[in-house]
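Worksheet for the structure shown next.
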Amino acid sequence: MADYHPQELDKKWQAHWASTKAFEVTEDYSKPKFYCLEMFAYPSGHAHVGHVRNYIIGDVVSRLKRLQGFNVLHPFGWDAFGLPAENAAIKHGIHPEASTLGNIAHMKGQLQRLGISYAWGRELATCMPDYYRWNQWLFTRMFERGLAYRRRSTVNWCPVDNTVLANEQVVDGACWRCGTAVVQKDLEQWFFKITHYADDLLQAADGLSKWPEKVLTMQRNWIGRSEGARVRFQIQGTDESIEVFTTRIDTIYGATLMMLAPEHGLVNRFAKESDDEKAFMAKAQKFRSQDRSDRLTGQVEKEGFFTGRFAINPYTNQPIPIWVANYVLAEYGTGAVMGVAAHDERDHDFASKYGLPIVPVINEQGVLINSGTYDGTPAGDALKAITEDAEARGIGEGTVQFRLKDWGISRQRYWGTPIPMIHCPVDGIVPVPDEQLPVELPKVAEFTGRGDSPLASIPEFVNVTCPKCGGAARRETDTMDTFVDSSWYFYRFCDAHNDQLPFDPKKVAYWGPVDFYSGGVEHAILHLIYSRFFSRVFHDLGMVEHTEPFTHLLTQGMVLKDGNVMSKSKGNVVDPDSMIQKYGSDALRLYVMFVAPPEKEVEWTDSGLEGSFRFLARVWRGADQWREEAVAAGTGAIDQATLTGAERALRRKTHETIKRVTTDIDVRQQMNTAVSAMMELVNELYLFTDKGERSAQAAKVAREAIESLIVMLSPFAPHTMEELWQMYGHADGLAAAQWPVADADIAKAEELEIPLQVNGKLRDVVRVAPSITDAELEALARANANVIAHTAGKTIAKVVIVPGRKLVSIVAK
RNA sequence: GCCGGGGUGGCGAAACUGGCAGACGCACAGGACUUAAAAUCCUGAGAGGGUAACCCCCUCGUGCGGGUUCGAUUCCCGCCCCCGGCACCA
């Protein structure tokens with residue numbers, strides 16, 4: 001047999017899989033389905049080993065499931081719209097489409113050289129009209145249902161990327177992509193009403209039992225539900241009132257202050273009605289222009305000024321001063337807060353600073369004081385009672401407030417999905433009729449990087465006739481946030497070429513939801529919450545039966561080099577292709593799976609990769625040593641009764657390994673221990689080979705071990721294992737193979753090794769037959785020389801025999 | 001501050017339900033093969049100590065301090081440190 005030359009095997013089997021369309025699938029109701037998906041890729045140019053780790057994880061699961069008889073959907077695609085391509089176009093003059101398609105071609109080659117088992121027939125790229133037309137179609141459906149709406153609002157604006165950012169895309173007050181400090185701008189924007197599902201998204205998170213706790217926590221924090229009440233305080237001397245949101249209405253008797261956000265609508269009015277409007281506005285303006293991220297994160301000292309006006313506390317009936325305070329946020333609650341200096345740390349700081357009254361209304365026992373008729377009521381009860389009272393009086397009501405905001409999706413950039421709307425001076429906002437979709441991105445656009453939408457400078461695009469009245473109208477020139485593209489692509493894979501609908505609901509009913517989804521934890525909030533939102537939208541459109549798109553989520557850890565995240569700028573990128581050239585794709589795949597559990601961060605080492613290569617070569621040689629005899633011996637049943645001790649030992653190890661590997665991959669997703677179990681089996685096989693027994697029976701036992709190993713290792717090292725499988729006489733390839741089944745009887749140990757402890761310390765290990773009785777075992781333990789030595793001079797108080805005969809523990813005093 | 005996840009040899013890690021801590025691998029050391037080297041195969045190894053020596057035996061050891069238990073990396077209480085998320089959210 002030839003030496004192990006993995007590069008040749010890579011070529012041979014990749015060509016074979018392509019020509020036999022080995023991984024293409026259709027709905028087959030006779031088989032259970034399994035939808036395995038890795039987060040699709042942004043075509044940045046080159047995938048490094050960190051990216052690739054995710055694809056290997058998914059491939060191991062996919063290949064396992066196929067061998068277990070599942071009908072496996074394992075597709076891949078490209079999250080192809082986005083800013084980097086457009087920025088590159090501004091810088092280098094290459095059209096985003098050209099660079100994107102070029103990058104896709106290169107990265108697809110990289111994945112193919114790794115032998116990832118994708119159904120390439122379903123490949124999609126979000127920048128293609130046959131994909132993004134369905135973004136537009138869905139946008140229109142959402143518009144019809146009020147889930148997409150337009151309003152003027154203060155938005156997060158990135159001055160470098162020249163576009164709006166969603167709240168989720170602002171990290172510590174800076175742009176998530178380029179790190180520039182975000183500024184505020186007033187713009188007409190399109191929003192998706194994700195808040196409509198806020199409660200459901202939060203509650204349903206409890207049911208996501210196969211999601212990492214970390215991700216669920218992040219989502220719960222992000223949604224940020226808090227129960228409280230809205231209460232209206234009359235403005236003294238007027239019929240008007242100011243509404244506040246509070247979670248602690250029980251402290252309302254202590255509300256000695258009213259505070260408005262600097263952006264609150266009443267601020268400008270109070271300024272006009274004041275003695276010195278200019279001075280008033282100057283003070284408000286100062287707060288408004290304070291660095292927003294600092295204001296949001298509490299970095300700015302609490303400051304405020306008195307408006308000269310008073311509100312009436314509806315419970316004490318006392319006038320309380322209305323202040324403008326820089327720590328009150330306009331976008332949360334009502335933008336106005338009742339100040340309870342005694343029971344709120346921030347209000348306390350503020351009141352102390354300005355010498356404002358501080359009235360305690362709850363004592364140390366949590367019971368109300370200074371609260372009129374509520375004195376003596378426990379705070380918890382008062383919360384309910386006062387809310388009910390406020391409702392009865394018509395001055396307030398219980399409510400739920402979310403931190404989650406509607407998702408602003410308008411982007412003033414070119415390389416995205418055009419929003420399919422038309423602005424008509426007569427009919428207002430009119431959707432582009434479905435039959436006119438897609439609204440295609442014009443091929444030519446000038447990439448200046450100026451702050452307005454590039455599409456606005458293309459008159460042929462902008463100037464249209466109104467679909468309703470036929471008069472002259474203007475086309476919407478913003479594009480959609482690219483997170484829209486990635487919020488439903490997993491459904492498109494179920495029916496990637498449908499030109500009537502985004503997908504046939506029947507096909508999604510078969511394939512969906514995604515059974516196993518893996519990707520980076522950086523998508524814990526953005527992508528994963530948006531996708532859950534879209535699933536609910538499709539559900540409400542009657543197109544999808546489920547509401548949760550991803551049953552099992554695995555967040556894979558990053559691959560570090562020299563302690564850092566790989567990046568071009570740091571120059572520490574490990575290129576999979578150069579590793580493949582040296583060791584073959586299987587060694588790379590195996591190493592990445594073996595080095596640590598998939599969700600853990602790992603440090604890349606070349607020597608570890610070499611170790612995996614050595615292991616595969618060792619499997620290759622080990623299999624070769626038995627090939628002729630094993631094939632000659634055939635696959636007939638093995639007669640357990642006539643086996644030698646060595647043969648029984650190898651069989652036992654084989655079946656033990658099958659059991660371990662199956663649970664490790666399938667149940668626990670601990671690929672690393674699955675690989676180490678297989679390494680142990682190989683070590684055992686070498687021991688067996690060294691013993692030199694070469695009977696037909698030995699060959700059969702070796703064959704069982706080796707063929708089980710080939711199948712179990714094939715998800716990790718598919719090219720090498722296909723070749724070995726063929727060499728072992730299986731002409732129809734691993735596609736026809738089945739995952740081995742462990743025989744519990746064979747795996748059972750013939751002898752038990754039982755540790756003996758005295759007072760919790762290990763003193764000896766004895767070998768006994770499994771048929772031993774507890775009484776015999778205890779007698780044996782008491783008679784053990786080491787036990788006697790360590791119990792000398794003491795009396796044995798108790799002998800514990802652990803159920804399952806795992807251990808004998810002797811208590812001596 | 002709140003929430004989530006961690007801390008185990010020189011290194012990556014394992015120990016699944018409270019039961020032999022360190023499987024498997026990397027790096028290292030020794031041996032076999034070889035003119036030699038590489039490759040390969042075999043062997044060794046947590047730290048410290050005992051014995052002339054080997055089989056062996058003892059003590060300590062999973063971030064720190066307590067506790068529960070015959071027995072704790074695992075459970076409980078109190079800390080320390082690291083990573084991630086949220087945070088003037090009323």
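This one's a predicted model, so the numbers in the text were calculated from it and none came from an experiment. A note on names: the letters A, B, ... follow the listed sequences, proteins ahead of strands, and every chain is numbered from 1. The figures that follow rest on heavy atoms only: side chains count, while hydrogens, waters and symmetry mates do not.
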I need the A/Leu257 CG to A/Ile320 CD1 distance, nearest 0.5 Å.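 Answer for the CG-CD1 pair, A/Leu257 versus A/Ile320, is 7.0 Å.
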
Rounding to an integer number of angstrom, what distance separates [N] and [M] when you compare their [atom1] atoms?
N     : M     : atom1 : result
B/C54 : B/C16 : P     : 36 Å
B/A15 : B/U8  : P     : 15 Å
B/A37 : B/G31 : P     : 11 Å
B/G7  : B/U74 : C1'   : 14 Å

Figure out the [atom1]/[atom2] separation between [X] and [N], and round it to whole Å.
X        : N     : atom1 : atom2 : result
A/Leu756 : B/C57 : CG    : P     : 12 Å
A/Glu680 : B/A15 : CD    : P     : 12 Å
A/Ile796 : B/C70 : CD1   : C1'   : 12 Å
A/Glu601 : B/G84 : CD    : P     : 8 Å
A/Ile525 : B/G85 : CD1   : P     : 9 Å
A/Met218 : B/C2  : CE    : C1'   : 15 Å
A/Trp323 : B/A90 : CH2   : C1'   : 18 Å
A/Trp604 : B/C26 : CH2   : P     : 15 Å

Between [X] and [N], is there a side-chain N or O to OP1/OP2 distance below 4.0 Å?
X        : N     : value
A/Ser226 : B/A90 : yes
A/Asn672 : B/A14 : yes
A/Lys600 : B/A13 : yes
A/Gln670 : B/A14 : yes
A/Arg220 : B/C2  : no
A/His343 : B/A90 : no
A/Lys798 : B/C70 : yes
A/Tyr332 : B/A90 : yes

Do [X] and [Y] have a side chain donor and acceptor closer than 3.5 Å?
X        : Y        : answer
A/Gln401 : A/Arg225 : no
A/Thr307 : A/Trp323 : no
A/Arg763 : A/Asn784 : no

Between the protein and nucleotides 17-20 of chain B, list every N/O to N/O distance that falls short of 3.5 Å.
from: B/G19; atom 1: N2; to: A/Gln757; atom 2: OE1; distance (Å): 3.0

Salt bridge (charged side-chain N to carboxylate O under 4.0 Å, His left out) with A/Asp206: which residues, sequence neighbours excluded? A/Arg220

For the side chain of [X], counting heavy atoms from C-beta on, which of [options] is nearest?
X        : options             : result
A/Thr673 : B/A13, B/A14, B/C3  : B/A14
A/Ala596 : B/A13, B/C24, B/C57 : B/A13
A/Trp222 : B/C86, B/C70, B/G4  : B/C86
A/Val811 : B/C70, B/C86, B/C24 : B/C70
A/Arg660 : B/C58, B/G4, B/C16  : B/C16
A/Glu213 : B/A90, B/C57, B/G4  : B/G4

Identify, between A/Pro597 and A/Ser612, the residue whose nearest nucleotide on RNA chain B lies closer to the 5' end.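 The residue closer to the strand's 5' end, by nearest nucleotide, is A/Pro597.
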
By nearest nucleotide on RNA chain B, pick out whichever of A/Phe245 and A/Gly611 is the more 5' one.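 Looking at RNA chain B, the more 5' nearest nucleotide goes with A/Gly611.
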
Pick out the pairs of N or O atoms, protein on one side and nucleotides 37-46 of chain B on the other, that lie under 3.5 Å.
from: B/U40; atom 1: O3'; to: A/Arg621; atom 2: NH2; distance (Å): 3.1
from: B/C41; atom 1: OP1; to: A/Arg618; atom 2: NH1; distance (Å): 2.9
from: B/C41; atom 1: OP1; to: A/Arg621; atom 2: NH2; distance (Å): 3.2
from: B/C42; atom 1: OP2; to: A/Arg618; atom 2: NH1; distance (Å): 3.4

All ring pair (Phe, Tyr, Trp, His ring centres under 6.0 Å) counterparts of A/Tyr686, not counting sequence neighbours: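 Result, ring pair (Phe, Tyr, Trp, His ring centres under 6.0 Å) vs A/Tyr686: none returned.
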
Would you call the rings of A/Phe245 and A/Tyr332 parallel, tilted or perpendicular, where under 30° means parallel and over 60° means perpendicular? perpendicular

Name the orientation class of the two ring planes belonging to A/Tyr591 and A/Trp604 (parallel below 30°, tilted from 30 to 60°, perpendicular beyond 60°). perpendicular

Taking the six-membered ring for Trp and the full ring for Phe, Tyr or His, determine whether the centres of A/Trp626 and A/Phe688 are under 6.0 Å apart. yes

Between A/Ser352 and A/Asp349, does the side-chain contact (heavy atoms from CB on, under 4.5 Å) criterion hold? Intermediate values first, please. CA-CA 5 Å; A/Ser352 306; A/Asp349 292 351; 5.7 Å; no

Side-chain ion pair, A/Glu656 and A/Lys659, N-O less than 4.0 Å: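 Judged by the 4.0 Å cut-off on N to carboxylate O distance, A/Glu656 and A/Lys659 do not form a salt bridge.
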
Salt bridge check: are A/Glu397 and A/Arg230 linked by an N-O gap of less than 4.0 Å? no

Treat a base pair as Watson-Crick or G-U wobble with both distances under 3.5 Å, then lay out RNA chain B in dot-bracket form, 5' to 3', with | for cross-strand pairs. (((((((..(((......[....))).(((((.......))))).(((((.....)))))..(((((..]....))))))))))))....

Please list every donor-acceptor pair under 3.5 Å in which a side-chain atom of residues 338-347 of chain A meets a protein atom from a residue at least two apart or in another chain.
from: A/His343; atom 1: NE2; to: A/Val361; atom 2: N; distance (Å): 2.9
from: A/His343; atom 1: NE2; to: A/Ile362; atom 2: N; distance (Å): 3.3
from: A/Asp344; atom 1: OD1; to: A/Arg346; atom 2: N; distance (Å): 2.9
from: A/Asp344; atom 1: OD1; to: A/Arg346; atom 2: NE; distance (Å): 3.2
from: A/Asp344; atom 1: OD1; to: A/Asp347; atom 2: N; distance (Å): 3.0
from: A/Asp344; atom 1: OD2; to: A/Arg346; atom 2: NH2; distance (Å): 2.6
from: A/Asp347; atom 1: OD1; to: A/Tyr327; atom 2: OH; distance (Å): 2.7
from: A/Asp347; atom 1: OD2; to: A/Val340; atom 2: N; distance (Å): 3.0

Between A/Val787, A/Ile796, A/Val808, which is the residue that forms a side-chain contact (heavy atoms from CB on, under 4.5 Å) with A/Arg782?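 Exactly one pass, corresponding to A/Ile796.
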
